[in-house]
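We count ligands from 1, going down the list as the structure has it; atoms in each ligand are counted the same way.
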Amino acid sequence: MSSITEVKVPDIGDFKEVDVIEVLVKPGDTVAKETSLITVESDKATMEIPSPAAGVVKELRVKLGDKVAEGSMILLLEAGAGEAPAAPPSKAAETSAPPAPAAEPAAVPVHKPAPVPHELVAEVLASKPHASPSVRKFARELGADLSKVPGSGPKGRITQEDVQAFVKGVMTRAPAAGVAAAPSGGAPFNLPEWPQVDFAKFGPVELKPLSRIKRLSGANLHRNWISIPHVTQFDEADITELEAFRKESGAASEKQGFKLTMLAFLIKACITALRQFPEFNASLERGGENLVLKRYFHIGVAVDTPDGLVVPVIRDADRKGVYDLARELAEVSKLARDKKLKPADMQGGTFSISSLGGIGGSAFTPIINAPEVAILGVSRSAMRPVWIGAKDGAGQFMPRLMLPLSLSYDHRVIDGAAAARFTSYLASVLSDIRRSLL
Ligand code: CAO
């Protein structure tokens, strides 16, 4: 059995009307659930609108250059017999919804409101050059640096053909086959081929597609890992007193329905340290000649979700108290886990914190969230005997609650000595939070 579904533009955040800048499918095309259908662009961002279900495109209702808004019809989709349908529409699921249960009925009849796509993919135009997410992805897959690709589209937009022509040009000049280009156009990496292994030869296997979040964040993590010279500075902070204070103060927040976790205090302490060491709250300008020091403090917090890692940003964290920070942390991590974060909620960060303290471990090496220049990793605190010396040379081992800190930094911007000073200062603030008042 098959049926026709109207696919409409879902909630696109704050934008009222946006331009259709790419139509990625045509009538007769078979699409999978999540296949990108069109790309829309506002003055701030471009977004791809994915298909809410698998099926065949029957009729297109938009063309290049159209203006669309939430609810505008994109196309008619014929859901194939026996295909998995999209999740049913729900008011709560504005930009995304949990995966549909496997045993949903196979058809969504005409005139029912269109199912809401699972995730919109957006790229902020501030991060020029000007290209849609699918062209960016295409360029990433080919390892092409978009900043070097001349754009022939409207307003200088880079098209897929531009990327193809650019890659063709590079290939005809390439010195030798099998040599991968370096990310910033320097000397190429002379890497051996990626091993092609038929794993099924050695035992039973199963293919599990990576989630959309993992595919997107994976590309960025890879870029950041190979293009930023990372160093990780390890340290630890004595949080014995801070933990006692947190426990004392926690009752008030519990009454209001949120937990006062160590992370809220960490954000506060980090801001004190970032004020003291402004080059950690900065970005390298494109070209690498200037450092942009930011006078605002927007802190990204890594949140673990079933579909992968996302990093919502707590804005103007310096102007918020620990209770407000804790409440906002609870809110954004819930939004993240319910897949309701909007692209804007994850933009503009100046420094990030990745806390694995609720899970375990004693240290790790977080990857910098470019274009930021540093990220603080936090592991699980543990009670340990610490030697407390006295002025007269005497001393004793005392049980102290120690919090492990792992600060990864961009060595082009930050020297090892500055990183060690930053973590020691941060540890001193955490061991006596009154310092954050000074
Ligand atoms: N040491 C010991 N215990 C800690 C701790 C630490 N450093 N940090 C948190 N805890 C405790 C909390 O107090 C809480 O205890 P109770 O359950 O007894 O109240 C418990 O661990 C769980 O805390 P939480 O994880 O719910 O809250 P949080 O504020 O510490 O963290 C969030 C919130 C969203 C950051 C976290 O849930 C999360 O997703 N962490 C994973 C981030 C991640 O994946 N990073 C990896 C990036 S690198 O690839």
*Going through the checks in order, is the side chain to side chain contact (heavy atoms under 4.5 Å, CB included) test met by T39 and V135?*
CA-CA 10 Å; T39 308; V135 170; over 6 Å; no
*Quick one: list whatever passes side-chain contact (heavy atoms from CB on, under 4.5 Å) with T35, sequence neighbours left out.*
V31, A32
Under 4.0 Å between a side-chain nitrogen and a carboxylate oxygen: does that hold for [X] and [Y]?
X    : Y    : result
R327 : E331 : no
D145 : K148 : yes
K334 : D338 : yes

Could you give the N/O to N/O pairs under 3.5 Å linking ligand 1 and the protein, each with its distance?
residue  : atom   : partner : partner atom : Å
ligand 1 : 1 (N)  : S381    : N            : 2.9
ligand 1 : 1 (N)  : S381    : OG           : 3.1
ligand 1 : 7 (N)  : S379    : O            : 3.1
ligand 1 : 17 (O) : K259    : NZ           : 3.4
ligand 1 : 19 (O) : K259    : NZ           : 3.4
ligand 1 : 29 (O) : T261    : OG1          : 2.5
ligand 1 : 37 (O) : R337    : NH2          : 2.9
ligand 1 : 39 (O) : D304    : N            : 2.9
ligand 1 : 39 (O) : R337    : NH2          : 2.8
ligand 1 : 40 (N) : S355    : O            : 3.0
ligand 1 : 45 (N) : S354    : OG           : 2.9

_I need the minimum non-hydrogen distance between E254 and K259, along with the two atoms involved._
OE2-CG, 3.6 Å
